[in-house]
Amino acid sequence: MSLTLDSIVFGYRRKSLVFDGLSLGFDAKATVVLGPNGAGKSTLLGVAVTALRPRAGTVGLDGLDPQGRSGVRQFRRRIAWIPQHVTAVPGLRVREQVAYCGWLKGMTRSAAWDASESALDRVRLTDLASRPSGQLSGGQLRRMAIAQGLVHDADYIVMDEPTAGLDPGQRHVFRELVADLRETAAVVVSTHQTEDLTSMYDDVVVLADGRVRQHGDMASFLAVAPGDTRPEQRVEAAYARLVVRED
Amino acid sequence: MRWYLAARRWWLTVVVAVLVVVTAGVLASATVGVPRALSGVDFPLPLSVLAPCLVAWLAQWNMTRGEPDQEAIAVRTPPAYDLALLGVVVFSQIVAAVITMAWVPSAESLMVVRNTMGYIAVGVLVARVVGPVLANLAVMLVPLGCAAFGATVTAAGDREYAWWAWPLHDGSGWTAWVFVAGLGVVASASMLTRRRPGQLRASRIRLLIE
Amino acid sequence: MPPVGVVLRGSWAPWALPVVAIFIAVYAADSPPVDDRYWVSATAAGVLLMIFVAPACAVCAAWDGFRSRRLERAVGIPVRSPIRLMLNVCWPVGLLGLAALGLSLWLYLPPGGTPGGPEPRIVGVFILLLAAHTAVGYVVGRLLPVVMAVPLVAIGSYLLGAMPPAMEPVWLRHIVGTGLDTCCWLDEVPDPAALWAPVLFYGAALVAVVGFALLRPAWRIVAVLPLAVSGVVAVRLVAPMDWTPTQPRPMADASCYDAEPELCIWPEQHRVADDVRVWAAEPLERLDAAGLEYPPELDPLSFDVTGLDPDRVRATVAAHLMPSVVCENGVTDVFFDTEDRVAGWLHLTVGVSDAGVESVIPVDALRQSRAVHEHMAPPEQLNWYRSELDVLSACGFADPAQAADQAAVNTPERDE
């Protein structure tokens, strides 16, 4: 399985480009995207899931080109998106909102309703299923967002800062969830959390100023760290070296 | 569809749309004084010209309710559903207008239907560029602007309107209907077209709901 | 308090200011003051421009209300009070209102040398009006979805300014302050009731907003009470008033000259005071020559505009001689026709120019007045004038007895 971005040119405003010819492929079972604030991580993932439309360049998933209505639909069926910000839809309960996302992904109403139960169960939110989504706390909202992404059994699950706002216990649940998900799907996660990266992810992408500073497996990423770095500090040292080196 | 409807709350807009038609038919003579530019004279703007703004505002509100990030990458096309529901709103107004005209014979009801369509189209088009909040302000300025700049009262007391001041035209005038039909087509097409980069982002829309 | 730059960057007020300024510039020419050399009039003329300024303030405040709500969600429960929060984000809106108010005052600025300054009571009403619209806009912006809040406060604020002047009962226009647009001729000042009514109305709206912000949701309905109470009081204040929100200007403001009749000059007319005395002498001599004596019981002669010329003075002398008749049981059409004829004859007698007479007297009445003035001998004219006065004093009925009969008919019988 491979999610590829080829020669992407993207900018929110006319003159300032976030990416100018960026090419990247996510072909590992679990990839983490690292980078400082404003590096373009959320934009990269937004383009990858077709939430944002590049000015030039193509996105592909296992050779599937999201062009034309049919192509876009097939592409989106196979990909899930868990954005950084979560919206509680007024008027919907937690399970309804999760099911609504399944319905948006093309599932029938009954299939989406059934799938919403197991998705909520995977993020340990079943007991709040009938609560209005607007009444959830920040951490609960984030778990609901993850459930929204899981509801339609996608091949590729793209998550933008999924652990922001989660307490240590919930982060532990999330790590278990990623381990579980990678059995059936490929996972791409952008994050600032460096703990347990080495055990969770196969590949690392380091992004800064709209450019890929490093893309490779975990071993080649850790090799960037100075030789005298203690093992528990290698991730941060490698990251700092990559980001600071060219600044 | 059930959750889509629960999130968007189109029923409220349908109810208000019908009420606006009935109210405009019953209160056909009610007006609001709008100062006409560079004339020093107020133009009595009929409520039937102003009231459809409420429907257009609600339509914008409906369309901002939902899960913008998930809808941005949905397999189904929420804008197409929105367009269909806008059609339901207009259809309900047409039915209400027909019934109202049998009850209170006046052309106001037809005007309301036409203006509702026009205002919704203006709202959709402006929202594409500057977002729904400013779009709703722009919708409000359409009838007020037409009254201020596009209406004249002759010495004999007759009212004349500029060709572009379509909200003020009689319900039977074809020019205004053509204008509105054109706006409707362009707005519908824009709803079914994907946004280009740099246009309103889902994350910005998210801030507007509730 | 957040940094000035941060608040300004998020506020709509800086963007709204040029738009409002354009509206004011376009519409200022359409609603000139009643008398552009009288500070009270020049100040009051701004009320119609507030129809644009108030919605702009309300819209910007609604946006700020939305922003502050969003901010609270982001940062949690704030330490500052709701009022303090409102002031912290809404001050650019206040500046917008003050700038717009200043611009409207500047556009109507009387010529240099005009005594006095902007009427502080009217300016106070305007500031309160803008503050109330701003506060209500802010609260609506916090309560409703911003997509609805912004247009709703815009249209609500606009309708509050634009609709009452065209509506009955008359007190509606006075209670929201738009009645001040007809204030004031030089011999008039604002009726205190017309100032207190909007002060009560908008003041209570402000109190309601403060109450709304401070009270718990279950008690917020109580916040409406002051608005209801002060609304009732304000209506009672202005209910007796007609369309004009004015009362006679105190004669203490004028400089009066001992003459027959007593001639009073307002401070704004001092530049032409000597001329006025000369101009007033001529029509009085003409009256004397026609055999008409200026009744000593009449009020002192004063003028209602600053732009005086001999013709205007003559016309004022003529108008001053028109009898004021109280007709409790109504008048007939004959009364109005007679009134026009008498006014025409008086204008011709004191020597008002043709253009001056034609601008105030209907054509048919003027033709008859001219016939009397040009073809009758002075004593006959005097007799005609006195007989016409009798018709007027009988309220247009043929004779006083008939008037009494008519009065009896008009008076509803009481059930004993």
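Here is how names work: the chains are called A, B, and so on, in the same order as the sequence lines, proteins then strands, and each is numbered from 1.
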Please check if the distance between the ring centroids of B/Trp166 and B/Tyr119 is under 6.0 Å. yes
Which atoms of C/Leu159 approach chain B - backbone, side chain, both or neither, heavy atom under 4.5 Å: side chain
Looking at CG of B/Leu86 and CZ of B/Phe91, how far apart are the two atoms once the value is rounded to the nearest 0.5 Å? 15.0 Å
Could you check whether the rings of B/Tyr4 and B/Tyr81 sit parallel, tilted or perpendicular, using 30° and 60° as the cut-offs? tilted
Scored by heavy-atom pairs under 4.5 Å with chain B, the best of C/Val59, C/Ile51, C/Leu152 is C/Leu152
Selection from C/Pro32, C/Ala154, C/Ala149 maximising heavy-atom pairs under 4.5 Å formed with chain B: C/Ala154
Part of C/Phe52 within contact of chain B (heavy atom distance under 4.5 Å): side chain
Engaged part of B/Leu50 at the chain C interface, taking heavy atoms whose separation is under 4.5 Å: side chain
Classify the angle between the aromatic ring planes of C/Tyr27 and C/Phe23 as parallel (below 30°), tilted (30 to 60°) or perpendicular (above 60°). parallel
Donor + acceptor pair across side chains of C/Tyr138, C/Ser68 (<3.5 Å): yes
